[in-house]
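Note that ligands are numbered from 1 as they come in the structure, with each ligand's atoms numbered from 1 the same way. Index from 1, following the sequence.
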Amino acid sequence: MPPDAVLMENTAAVLTPRGRGAVASIRWHGDGRAVDRREPPLFRAANGRPLAEQPLGRIVFGKWGDAPEEEVVVCRRDAQTIEVHCHGGDAAVRRILSDLESVGCRTVPWTEQSGAEQRVLEAECLEALSRATTLRTADVLLEQYLGTLRSALEALRFSPFLRGGDLPAIGELLSWAEFGLHLTRPWRVVLTGRPNVGKSSLINALLGYARSIVFDQPGTTRDVVTADAAFGGWPVQLADTAGIRVAGCDIEAAGIARARAHLADADCRMVVLDTSRPCVAEDMELLAEWPEALVVANKSDLPSAWGDSLPSGALPVSSLTGAGVDALAEAIVARLVPRVPEAGTAIPVTERQISLLREAQAALKAGDDDRVQLLVDALLC
Ligand code: GDP
């Protein structure tokens, strides 16, 4: 920007819905030098450069404001537009807006800001970002919103060798489809096991707090109880199923049916065993029914009554003492997210993006280049 350029406006608007999500996004139309001129500067980039000198389009980490400082991610979209992404929640947003007001900026609703019309791809990514519940997922979504996904899709459009050559590129994008959807939809982990083996206790141990109620009477956990957690920064919903056993009454039978439906849909299943008591046929039936499940040998604080019948690979855990719970959480993460995207990986994050990519893949395989271009254009709108 030339030194004396006249600014059309000096406004800030919050782009993400209030009070939701792990990250909030603020768009500022203004002169970055106003922030740099403050002593100390309002924004201090990790790379040491003043805000107004950061390259356009670059994602920059840094600290905002006086102590206690906010950790923020900043991106200069163009000469007069700067986006500030901070921790979700009203306090951080209010503070940044008030700091911007102190340098002459006016806070306005985002619909009143010039350039308010969002392109669909960015609007979708921003909407997904507002639903992120962990910083790790917000990080990946923010990168897509700030241009990683658009660049990958634009590369598809401009490739002079579309036929065949870009199938791997579309395949690579689609290989992240499930992961991309889970950024706003927790992975589902469902526990099963006989009554009293310690499923509720295990969920409580995994959560680190008492969420489901533990009783001694078999069959008392009648329904599917769910609880939200984050393992390794990935959002996970844990579900404790009704003890699968011959139904004692109608209510219990309904609970068992729901438990089976949950198990069928799960992203990861855990068969929980009580190794302090001898193995019975029901344990073996569950192990046979869910051969790919993680097997938890619970009550490892007590002497084992299983001897050689314990499946190899079973993870010893004590929900009572907490022994083995960390290793179990790690095993769950390894199952759910076997491949972690490196920074800069393009990831589709909505059903619309994924279904258009799938259609483009099919059209490409069928040699219909015109249709591929139409579909990629639709993605880029
Ligand atoms: P669920 O029916 O499978 O959900 O089992 P619960 O979580 O209700 O546990 C049944 C009983 O086993 C309760 O008395 C728990 O305190 C006990 N229990 C659960 N986990 C452990 C453990 O790791 N060690 C010991 N010693 N007792 C446990």
Mind checking whether [X] contacts ligand 1 via backbone (N, CA, C, O), side chain (CB onward), both or neither, at a 4.0 Å heavy-atom cut-off?
X: Asn298; value: side chain
X: Val272; value: neither
X: Asn196; value: both

Within one Ile-Leu-Val-Met-Phe-Trp-Tyr cluster: Leu183 and Leu135, side-chain cutoff 4.5 Å: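 Yes; tracing contacts between hydrophobic side chains, which count when under 4.5 Å, links both residues.
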In terms of side-chain geometry, is the basic nitrogen of Arg371 or Glu359 positioned less than 4.0 Å from the acidic oxygen of its partner?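 Salt bridge present between Arg371 and Glu359.
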Counting each atom of ligand 1 from 1 as listed, which ones have a heavy atom of [X] under 4.0 Å away?
X: Ser201; result: 6 (P), 7 (O), 9 (O), 15 (C), 19 (C), 20 (N)
X: Leu302; result: 26 (N)
X: Asp301; result: 22 (C), 23 (O), 24 (N), 25 (C), 26 (N)

Not counting sequence neighbours, which residues clear side-chain hydrogen bond (donor to acceptor under 3.5 Å, both in side chains) with Arg335? List them please. none
Give every residue pair that meets the side-chain hydrogen bond (donor to acceptor under 3.5 Å, both in side chains) criterion with at least one member in residues 302-312, sequence neighbours excluded. none
Distance-only N or O hit between ligand 1 and Val317, under 3.5 Å: no
Determine, using ring centers only, whether Trp234 and Phe231 are less than 6.0 Å apart. no
Heavy atoms from other residues, nucleotides or ligands near CZ of Arg95 exceed 12 (cutoff 6.0 Å): yes
Of the listed options Ser200, Ala205, Ser300, Ser319, closest to atom 23 (O) of ligand 1 (non-hydrogen atoms): Ser319
